[in-house]
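Throughout, a chain's letter reflects where its sequence line sits, starting with A, and its residues are numbered from 1.
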2 protein chains.
Amino acid sequence: MNRRKTPSKEKILAILKSQGDAISHETITNQITDINRATIYRILNQFCEDGIAHRIIAENGKQFFALCKTCEVEEHHHNHLHFQCNTCEKVECFESEINISLPEGYAIENFNGLINGYCNTCAPA
Amino acid sequence: MNRRKTPSKEKILAILKSQGDAISHETITNQITDINRATIYRILNQFCEDGIAHRIIAENGKQFFALCKTCEVEEHHHNHLHFQCNTCEKVECFESEINISLPEGYAIENFNGLINGYCNTCAPA
DNA sequence: GTATTATTGCAACATAGTCGCAATAGTATT
DNA sequence: AATACTATTGCGACTATGTTGCAATAATAC
Ligand SMILES: [Mn+2]
Ligand SMILES: [Mn+2]
Ligand SMILES: [Zn+2]
Ligand SMILES: [Zn+2]
């Protein structure tokens with residue numbers, strides 16, 4: 001299946017780039033009204049398949065997407081942590097990779113790690 | 001709000017105990033037919049509130065629940081990893097705690113870490 | 001320009017979990 | 001043992017998020 005370059009993809013990619021954080025489908029529909037719900041989902045899924053973006057699962061099961069800097073080079077290492085603020089609900093990628101060691105005979109395919117708490121803006125004094 | 005001891009809670013607790021792994025709502029309904037869907041959800045949520053069980057969010061957003069050994073003593077540390085096999089779909093708690101360091105001004109409230117891959121039974125040769 | 005087929009919009013569907021409300025049943029008190 | 005209080009339950013309706021089939025559209029290659 002060959003990929004085609006389309007306005008929809010460009011727009012969504014632009015939004016992902018402009019945003020520092022990981023964003024949800026909802027955030028995208030807030031900024032774009034002329035692209036169909038399903039299309040947005042499909043494009044995001046495609047970005048993940050293609051290694052352009054990666055998916056983070058929030059505590060409530062909601063999906064967030066982020067372009068990952070370190071993975072652009074087609075060498076995927078998504079074993080870094082993410083952080084979601086319970087107040088402002090933003091999701092961000094943390095730089096530091098975590099070291100994952102598995103029991104004998106186990107194989108890793110993917111990792112999803114999310115810390116919930118309060119960011120420096122929202123943290124209570 | 002005082003908790004009451006009920007047959008439903010006893011049954012669900014028994015299932016959680018008998019199971020070594022973390023289990024989903026679905027797994028419970030497969031073993032119990034006489035407790036209402038909503039009730040099961042409510043009981044599981046209560047267990048989490050009360051620190052009896054903890055919740056793991058799978059890659060597909062589905063919730064899993066496990067009694068955590070180390071947390072029974074009312075000192076919660078849920079910063080351990082979980083593993084879900086992509087084949088048999090079982091979810092297990094890994095013992096080793098991971099070390100989480102946050103940026104200045106951030107506060108942690110909860111952690112959900114899930115590795116997806118293949119367990120030693122299902123791993124391809 | 002034409003053919004090929006990836007992409008899109010639409011609507012319907014699927015799944016997981018929540019919530020309001022009335023009925024039921026633990027628990028404490030008399 | 002009976003009573004009062006209120007946590008729990010079952011039921012049904014609802015919400016939220018994401019997926020899928022299909023026909024129409026449009027990107028790409030020739
Ligand atoms: Mn990331
Ligand atoms: Mn655990
Ligand atoms: Zn915040
Ligand atoms: Zn397995």
Side-chain angles (χ1 to χ4, degrees), chain A residues 1-16 22-66 82 84 86 89 91 110 112 114 116, chain B residues 1-16 22-66 82 84 86 89 91 110 112 114 116:
Chain A
M1 252 213 208
N2 274 331
R3 301 301 191 200
R4 291 178 185 174
K5 190 175 173 180
T6 70
S8 300
K9 290 184 193 178
E10 300 284 320
K11 282 185 195 168
I12 293 178
L13 189 59
I15 292 179
L16 279 169
I23 58 177
S24 64
H25 179 273
E26 192 189 0
T27 303
I28 294 176
T29 49
N30 287 344
Q31 300 190 35
I32 300 185
T33 51
D34 62 334
I35 303 181
N36 186 266
R37 263 167 42 78
T39 302
I40 298 177
Y41 278 117
R42 280 190 277 233
I43 289 175
L44 289 170
N45 285 336
Q46 219 176 67
F47 283 175
C48 289
E49 282 173 31
D50 297 350
I52 297 171
H54 64 285
R55 188 191 323 261
I56 301 113
I57 310 297
E59 222 179 13
N60 57 3
K62 217 170 161 182
Q63 303 183 350
F64 285 74
F65 300 88
H82 299 93
Q84 181 168 37
N86 291 339
E89 291 180 349
V91 174
N110 193 27
N112 187 66
L114 181 69
N116 271 268
Chain B
M1 251 212 209
N2 275 332
R3 301 301 191 200
R4 291 180 185 173
K5 190 175 175 180
T6 70
S8 299
K9 291 184 192 178
E10 300 284 321
K11 281 186 195 168
I12 293 178
L13 189 59
I15 292 180
L16 280 168
I23 58 177
S24 64
H25 179 274
E26 191 190 0
T27 303
I28 295 175
T29 49
N30 286 345
Q31 300 189 36
I32 300 186
T33 51
D34 61 334
I35 304 180
N36 184 265
R37 263 167 41 77
T39 302
I40 298 178
Y41 278 116
R42 280 190 278 230
I43 290 175
L44 289 171
N45 286 337
Q46 218 176 67
F47 284 174
C48 289
E49 281 173 31
D50 298 349
I52 296 171
H54 64 286
R55 188 191 322 261
I56 302 115
I57 310 295
E59 223 179 13
N60 56 5
K62 218 170 161 184
Q63 303 183 349
F64 285 74
F65 300 87
H82 299 93
Q84 181 168 39
N86 291 339
E89 291 179 348
V91 174
N110 192 27
N112 186 65
L114 181 69
N116 270 268

Starting from [atom2] on [N], measure out to [atom1] on [X] and report it in whole angstrom.
| X | N | atom1 | atom2 | result |
| --- | --- | --- | --- | --- |
| B:Ile35 | D:dC11 | CD1 | C1' | 15 Å |
| B:Asn2 | D:dA4 | CG | P | 20 Å |
| A:Phe65 | D:dT17 | CZ | P | 13 Å |
| B:Ile28 | D:dT9 | CD1 | P | 13 Å |
| A:Glu10 | D:dA26 | CD | C1' | 15 Å |
| B:Asn36 | D:dA7 | CG | P | 20 Å |
| A:Arg4 | D:dA29 | CZ | C1' | 9 Å |

It should be established whether B:Gln46 places a side-chain nitrogen or oxygen under 4.0 Å from OP1 or OP2 of nucleotide D:dA7.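 Answer no for this pair, as no side-chain N or O of B:Gln46 is under 4.0 Å from OP1 or OP2.
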
N/O (side chain, A:Lys62) to phosphate O (OP1/OP2, D:dA16) under 4.0 Å: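 Answer is no, no contact under 4.0 Å.
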
When the aromatic ring centroids of A:Phe65 and A:His54 are compared, is their separation below 6.0 Å?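 Distance test on ring centres: not under 6.0 Å, no.
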
Before giving the answer on side-chain contact (heavy atoms from CB on, under 4.5 Å), spell out for A:Phe47 and A:Leu16 the whole-Å C-alpha distance, their side-chain angles and the decisive distance to 0.1 Å. CA-CA 11 Å; A:Phe47 283 175; A:Leu16 279 169; 3.8 Å; yes

Look at the side chain of [X] and decide which nucleotide, out of [options], has an atom nearest to it.
| X | options | answer |
| --- | --- | --- |
| B:Ala38 | D:dG12, D:dT20, D:dA26 | D:dG12 |
| B:Arg37 | D:dA13, D:dT17, D:dC22 | D:dA13 |
| A:Tyr41 | D:dG18, D:dT28, D:dC22 | D:dG18 |
| A:Gln63 | D:dA26, D:dA7, D:dG18 | D:dG18 |

Looking for any heavy atom pair under 4.0 Å, which part of the strands does B:Arg3 touch: base, sugar-phosphate only, or nothing?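 It contacts sugar-phosphate atoms only.
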
Touch class at under 4.0 angstrom, heavy-atom based, for A:Asn45 against every strand present: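 Sugar-phosphate: the residue A:Asn45, judged by heavy atoms under 4.0 Å, touches backbone atoms but no base.
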
Judged by each residue's nearest nucleotide on DNA chain C, which is more toward the 5′ side, B:Pro7 or B:Glu26?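 Here B:Glu26 is the residue nearer the 5' end.
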
How do A:Lys5 and B:Thr6 order along DNA chain C: which one's closest nucleotide is nearer the 5' end?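 In this pair, the answer is A:Lys5.
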
Ignoring hydrogens and angles, state whether a donor on the side chain of A:Lys9 or A:Gln46 is under 3.5 Å from an acceptor on the partner side chain.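 A:Gln46 and A:Lys9 do have a side-chain donor-acceptor pair below 3.5 Å.
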
Consider only side-chain N and O atoms of B:Asn112 and A:Glu59, and report whether a donor and an acceptor are under 3.5 Å apart.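 The criterion, which ignores hydrogens and geometry beyond distance, is not satisfied for A:Glu59 and B:Asn112.
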
Sidechain N-carboxylate O distance under 4.0 Å for B:Glu26, B:Lys62: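 Judged by the 4.0 Å cut-off on N to carboxylate O distance, B:Glu26 and B:Lys62 do form a salt bridge.
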
Chain B on DNA chain C: first and last contacting nucleotide, 5' to 3', under 4.0 Å to a heavy atom?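 Using the under 4.0 Å cut-off, the span is C:dA16 to C:dT27.
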
Could you go through the salt bridge (Lys or Arg N to Asp or Glu O under 4.0 Å) check for B:Arg42 and B:Glu49 one step at a time? CA-CA 10 Å; B:Arg42 280 190 278 230; B:Glu49 281 173 31; over 6 Å; no

Measuring from atom CG of A:Asn36 to atom OG1 of A:Thr29, what distance do you get when rounded to the nearest 0.5 angstrom?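 Atom-to-atom, A:Asn36:CG and A:Thr29:OG1 are 11.0 Å apart.
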
